[in-house]
Amino acid sequence: MIWKRTLGTLSSIGVSLALVLGAWIAFIEYFSINPMVVRSPLDVWAYLFTQEEAAEHRSLVWEGLKITLVDAGFGLVAGLVAATVVAMLFVLSTTAEQAFLPIAMIMRSVPLVAMTPVITLVFGRELLATTVICGIVVFFPALVNIVLGLRSASPQAVDLIRAYGGGTWTALRKVLIPSALPSFFTSARISAPGAIIGAMLAEWLATGKGLGYRMLQDVSTFESDDLWTSVVAITLASLLIYSLIGVVENIVLARFGRVRS
């Protein structure tokens, strides 16, 4: 069953890619867009594989993509861990939720572009700053989903734990956390592309590294081939990470006797 669900996930990704490629080509043809503005899939393929300098192009794109994925990976993990800890605190203490949630909503309402210079001044221009920026992108949507997941646990199961002498942490470990696993993985899948966007934003405004900064340079110098190749690379990486999280989700939920809906 796990492998069937995994194969279904990968198949849906393949169908989505085919639809995106078809829509991409149809959009260019229908609107007759200038090739200097939008490159076609064939142009991207040529840039990476058939041009004389294709090997150099692949190396440059890969080096930038590695930096961006590392930045996004640290931010994704940090954001999910922070959201999980705060969500458990909210569920265990209504007072903590009432005190912290308004502050969280105020922070969420401030545009990240405005916060980035402050974050850069405080945390520098290296990995820590990008982790904070990506973590902020991930934290708030994940917090809402995980809180809902924890509160969806069966009250009867919690009462049973308490009837047998179990404390709050036992109920959390045995009932609430397993009940919240689908919400946690949903948050992870939704947040992964957001973390990549956050990493690129940090690279544009703070670090001057990675694929995000290369794309900013490409826009300034009209390097359309490299720009659209970077867009494709980021998109494929997002889909791959989304699929990998889905595979892990299937395995973990099967371990706990649950099925992803």
Side-chain angles (χ1 to χ4, degrees), residues 63-150 180 183-221 227 230-231 233-235 237-239 241-242 245:
E63 289 301 319
L65 182 62
K66 282 195 300 184
I67 295 173
T68 300
L69 292 181
V70 169
D71 293 341
F74 275 95
L76 178 63
V77 173
L80 289 174
V81 170
T84 302
V85 172
V86 174
M88 290 190 293
L89 182 62
F90 281 3
V91 171
L92 296 177
S93 173
T94 306
T95 302
E97 180 178 8
Q98 293 173 347
F100 181 79
L101 190 58
I103 299 175
M105 292 302 100
I106 291 173
M107 292 180 59
R108 183 67 182 90
S109 65
V110 178
L112 195 56
V113 174
M115 295 175 61
T116 299
V118 178
I119 294 172
T120 303
L121 288 174
V122 174
F123 298 101
R125 295 180 177 271
E126 300 300 328
L127 181 60
L128 182 58
T130 58
T131 299
V132 172
I133 293 171
C134 295
I136 291 173
V137 174
V138 171
F139 176 80
F140 295 100
L143 175 63
V144 173
N145 279 328
I146 296 172
V147 167
L148 290 174
L150 290 170
S183 297
F184 175 83
F185 282 108
T186 297
S187 299
R189 284 187 282 119
I190 293 173
S191 299
I196 292 177
I197 297 300
M200 295 174 64
L201 177 63
E203 291 164 357
W204 292 337
L205 301 177
T207 67
K209 301 176 183 178
L211 206 59
Y213 185 67
R214 281 183 56 81
M215 293 173 68
L216 183 64
Q217 290 182 312
D218 291 337
V219 171
S220 302
T221 57
L227 174 63
S230 299
V231 171
I234 285 293
T235 302
S238 298
L239 288 173
I241 295 171
Y242 183 95
I245 294 174

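The two residues A237 and L69 make their nearest non-hydrogen contact at CB-CD2, 4.0 Å. Residues R125 and T120 come closest through the heavy atom pair CG-CG2, 3.6 Å. For the residue pair V118 and A114, the shortest heavy atom distance occurs at CG2-O, 4.4 Å. For the pair A129 and I119, the tightest heavy-atom approach, listed with the atom from each and the gap, is O-CG2, 4.1 Å. Of all the heavy atoms in V91 and V147, the pair that sits closest is CG2-O, 4.4 Å. Across all their heavy atoms, I241 and A192 have their closest contact at CG2-CB, 3.8 Å.
The side-chain hydrogen bond (donor to acceptor under 3.5 Å, both in side chains) search around T68 returns E203, not counting sequence neighbours.
Considering OG1 of T131 and CD1 of I136, their distance stands at 11.0 Å, rounded to 0.5 Å. Once rounded to the nearest 0.5 Å, the distance linking CZ of F90 with CG of L150 reads 11.5 Å. Atom CD of residue E97 and atom OG1 of residue T94 lie 6.5 Å apart, to the nearest 0.5 angstrom. To the nearest 0.5 Å, atom CG of residue L211 and atom CD1 of residue I67 are 9.0 Å apart. For the atom pair L143 CG and L148 CG, the distance stands at 9.5 Å (nearest 0.5 Å). Atom-to-atom distance recorded for T207:OG1 and L127:CG is 9.5 Å, nearest 0.5 angstrom.
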Identify all side-chain donor-acceptor contacts of residues 71-87 below 3.5 Å with residues at least two apart in sequence or on another chain.
| from | atom 1 | to | atom 2 | distance (Å) |
| --- | --- | --- | --- | --- |
| T84 | OG1 | L80 | O | 2.8 |

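Heavy-atom contacts from other residues, nucleotides or ligands closer than 6.0 Å to OH of Y213 number 12 or fewer.
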Are I146 and M88 close enough, and set up right, to give a side-chain contact (heavy atoms from CB on, under 4.5 Å), and what steps lead you there?
-> CA-CA 8 Å; I146 296 172; M88 290 190 293; over 6 Å; no

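In summary, K209 and E126 engage in a salt bridge, as defined by a charged side-chain N under 4.0 Å from a carboxylate O.
The residue from C134, S238, S191 that alone fulfils the side chain to side chain contact (heavy atoms under 4.5 Å, CB included) condition with I196 is S238.
Using modelled atom types, no side-chain atom of S93 and backbone atom of L89 make a donor-acceptor pair closer than 3.5 Å.
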